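Accompanying notes for the structure given below.
Note that the structure is a prediction, hence the values are computed from the model and not measured.
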Amino acid sequence: MIQERLRGLLAEAIGELRRDGVIPDGVTALAELQRPARPEHGDFSTNVALVLSGELQTPPRALADRIVQALPDADWVAKVTVAGPGFINFFLTHAWLQDTLRDIARLRERYGRWDSYDDVEDGRVQVEFVSANPTGPLHVGAGRNAAYGDALARLLEAAGHSVDREYYINDAGRQIDLFGRSLEARYLQALGREAELPADGYAGQYLVDLGAELAEARGDELVGHPEDIRAWGVERMLEGIQATLERFGVLFDTWFSEQVLHDTGKLTEALGRLQDAGVTYELEGAVWFRSTQFGDSRDRVLVRSDGRPTYLMSDTAYLIDKVERGFDHAVYVWGADHHGAVASLEAVRRALKLPIVVEILLYQLVNLYSGGEVVRMSKRTGEIVTLDELIDEVGADAARFTFLLRSLDGALDFDLDLVKAKSQENPVYYVQYAYARICSILRTGAERGIALGPIEEAPLAELVHESEQALARMLSEYPETVLVAARLRAPHRLTTYTRELAALFHAFYRDCRVISDDPQLTQARLWLAETTRQVLANALAVLGVSAPEKM
RNA sequence: GCGCCCGUAGCUCAGCUGGAUAGAGCGUCGGACUUCUAAUCCGAGGGUCGGGGGUUCGAGUCCCUCCGGGCGCGCCA
């Protein structure tokens with residue numbers, strides 16, 4: 001890549017200054033390359049002189065001048081200037097942008113993927129996300145988790161990591177119990193018998209329907225078998241969740257049952273390890289974890305005084321299991337309301353010295369608006385807007401794109417009326433429209449007998465218009481955008497990228513007629529359009545949003 | 001009280017490990033389809049980056065402090 005060649009030039013210049021004694025040994029010079037925001041600042045710039053001047057007590061501009069003088073000649077560098085406080089700006093010949101287009105044409109869907117690099121520091125990464133309790137259908141809030149977790153998994157893969165997607169099923173404990181008893185009541189009611197929903201039970205309509213369905217399917221044969229009723233209900237809920245996620249474009253490698261951890265003695269085993277480590281104690285009949293010793297704000301209960309394990313106990317066994325399955329890096333996608341549990345899980349990892357990186361990503365909650373009012377959702381009261389309903393209303397693409405528009409750190413306002421009524425104005429259509437427009441141009445070309453020839457024969461040097469240059473430049477930034485987005489765990493950076501790329505294409509379309517009387521120029525512009533199409537397709541694939549050829 | 005997140009244009013938000021003159025969409029006003037998709041484009045207007053202090057050649061970005069908002073602080077999950 002061009003950046004590597006520029007770094008090479010800089011390294012040579014710095015080396016020469018070292019030999020001359022201008023830069024003493026022991027002073028490191030990190031040649032940091034940037035893409036200047038303004039064209040008058042060149043194609044690339046470096047602040048190396050500014051950074052060095054602080055250590056050397058030399059005026060930065062003078063130092064920059066010395067570095068520039070020491071730079072070896074290169075025919076692909078048109079001009080080097082020193083500007084501002086001491087930036088060194090590189091102006092390159094247009095050849096490197098032509099190389100970018102040829103790279104894209106050659107690599108196609110692999111452009112911007114770093115799979116081929118072996119120096120993956122994170123080893124096997126597991127991304128665990130959604131993991132909503134199977135006590136009801138997924139609601140809109142889970143949509144943010146699903147869209148984010150899935151896009152993150154795709155992004156990490158694009159950045160070269162080996163990724164497993166996992167859904168942790170909370171099919172043990174009090175909530176599932178309550179769910180089972182609620183379903184039992186609805187089931188009995190459906191059979192015409194006297195039954196009352198437990199206090200705090202799940203009141204949603206979906207359970208009424210489920211009870212009726214059970215009565216229909218099995219008659220009264222499950223009466224008096226609450227365990228079977230619960231198991232049947234959980235199974236049905238999971239089927240529904242899985243179907244919803246599939247519509248949403250989200251597929252998991254593993255569905256991991258908490259109950260299995262209980263049944264196979266993993267919790268007892270985990271407790272034993274903590275006890276062996278000497279980090280537990282008993283108090284008032286409960287077993288506590290001395291997590292304050294490992295950075296937590298207070299100690300936590302592992303086993304209640306009635307003998308039942310806490311969620312932390314399960315999470316500990318689960319984390320150990322992740323290590324045993326060979327993961328080096330465990331990513332958790334949690335709602336911000338769980339942030340209190342972050343420190344205790346990290347404390348577990350430290351107490352047991354588990355050889356795994358625990359990375360917990362918290363997303364701020366989704367506020368759903370309807371009719372200008374916040375919609376309060378609660379599974380127990382049954383007041384929910386389901387993810388399925390959202391997909392019905394706006395489609396999976398618009399929903400995913402909307403969830404991936406913003407950084408995880410901010411609360412997300414999802415205005416149903418706005419997205420329903422004005423779905424044309426959703427930014428996803430802006431990007432998809434650019435894609436469809438390119439496809440249309442390529443179709444028109446083909447219809448007129450102007451097919452895309454070999455890129456080697458296209459006179460890419462004729463792409464000199466400002467809009468063409470800006471577009472090609474943006475295409476060249478795609479691979480590093482993927483890396484930065486992956487490193488920051490920020491798929492929304494890719495979303496932003498697609499919007500900017502689409503905008504630059506629309507500007508190019510305005511300024512430059514692709515199919516014209518000039519067959520040579522037409523070939524060059526067709527290739528610029530085609531490579532833009534390819535990069536849009538690649539980026540949308542990482543976001544899990546479709547790229548339609550017609551709109 | 002303690003912890004995490006947020007505060008950038010009228011609204012919703014981008015802004016990479018600190019870089020050069022802080023950006024976009026929506027909304028407002030005014031324009032552009034006989035020609036490759038007008039779900040598009042062009043122009044105008046709009047800012048004490050919550051306030052204050054500090055570090056730095058350089059701060060929306062880092063540190064301290066205050067103000068405002070959201071979430072959490074159970075032998076609930």
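- Between B:A77 and A:Y311, no contact under 4.0 Å exists linking OP1 or OP2 to a side-chain N or O.
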Protein and nucleotides 32-36 of chain B: nitrogen or oxygen contacts under 3.5 angstrom:
unit_1	atom_1	unit_2	atom_2	d
B:U35	O2'	A:R513	NH2	2.9
B:C36	O4'	A:R513	NH2	3.4
B:C36	O2'	A:T444	OG1	3.3
B:C36	O2	A:I515	N	3.0
B:C36	N3	A:V514	N	2.9
B:C36	N4	A:Y509	O	3.0
B:C36	N4	A:C512	O	3.1

*Treat primed atoms plus P, OP1 and OP2 as sugar-phosphate and everything else as base, then score nucleotides 16-23 of chain B 5' to 3': B for base contact with protein heavy atoms under 4.0 Å, S for sugar-phosphate contact only, - for none.*
BS-BBB--
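- For A:D171 (side chain) and A:Q259 (main-chain N/O), a donor-acceptor pair under 3.5 Å exists by modelled atom type.
- For A:N426 and B:C13, the CG to P distance is 15 Å, given to the nearest whole Å.
- Between the base of B:G3 and the side chain of A:H339 there is a donor-acceptor pair shorter than 3.5 Å.
- In this structure, A:Y497 has its ring center closer than 6.0 angstrom to the ring center of A:Y478.
- Which of B:A77, B:U37, B:A14 sits closest to the side chain of A:H338 comes down to B:A77.
- No donor-acceptor distance shorter than 3.5 angstrom exists from the side chain of A:S546 to the backbone of A:P548, with no hydrogens or angles considered.
- At the heavy-atom level, A:L283 lies under 4.0 Å from base atoms of the strands shown.
- Nearest nucleotide to the side chain of A:S407, out of B:C76, B:C41, B:A14: B:A14.
- Per the geometry, CG belonging to A:D200 stands 14 Å off P belonging to B:A77, to the nearest Å.
- Residues A:Y281 and A:D299 have side chains that bring a donor and an acceptor to within less than 3.5 angstrom of each other.
- Nucleotide B:C76 holds its C1' atom 7 Å from the CZ atom of A:R174, rounded to whole Å.
- In this structure B:G60 sits in no base pair that meets the Watson-Crick or G-U test at under 3.5 Å.
- A straight line from CD of A:Q432 to C1' of B:A39 spans 10 Å, rounded to a whole angstrom.
- The closest side-chain donor-acceptor pair between A:N170 and A:S131, if any, does not fall under 3.5 angstrom.
- You won't find any donor-acceptor pair under 3.5 Å spanning the side chain of A:S53 and the base of B:C57, going by distance alone.
- Aromatic rings from A:Y318 and A:F256 are positioned such that their centres are separated by under 6.0 Å.
- Evaluation of the ring pair (Phe, Tyr, Trp, His ring centres under 6.0 Å) rule for A:F401 yields no partner, not counting sequence neighbours.
- For B:G7, the paired nucleotide is B:C67, the pair qualifying as Watson-Crick or G-U wobble because both relevant distances are below 3.5 Å.
- When Watson-Crick and G-U wobble pairs are counted only if both distances are under 3.5 Å, B:C73 pairs with B:G1.
- Going from atom CD of A:E477 over to atom C1' of B:G15 covers 14 Å, rounded to whole Å.
- For the pair A:R298 CZ and B:G72 C1', the computed distance is 12 Å after rounding to whole Å.
- Side chains of A:Y202 and A:Q175: a donor-acceptor N/O pair is present below 3.5 angstrom, by distance only.
- A:R499 forms no cation-pi arrangement with A:Y430, by the criterion of a distance under 6.0 Å to the ring centre and an angle within 45° of the ring axis.
- Side-chain contact between A:D409 and A:Y363 is absent, with no heavy atoms from C-beta onward closer than 4.5 Å.
- When the P atom of B:A39 is taken as reference, atom OH of A:Y435 falls 19 Å away, rounded to whole Å.
- Using a 4.0 Å heavy-atom criterion, one finds that A:A411 contacts the sugar-phosphate atoms exclusively.
- Base-pair partner of B:G45: not found among the strands shown (Watson-Crick or G-U wobble, both distances under 3.5 Å).
- Counted by atom type alone, A:E462 and A:Q523 present zero donor-acceptor pairs between their side chains at under 3.5 Å.
- If you measure from atom CG of A:L494 to atom C1' of B:G15, you get 16 Å, rounded to the nearest angstrom.
- Separation of the C1' atoms belonging to B:U48 and B:G7 is 15 Å when rounded to the nearest angstrom.
- Look at A:Y429 and you won't find any side-chain N or O under 4.0 angstrom from OP1 or OP2 of B:G25.
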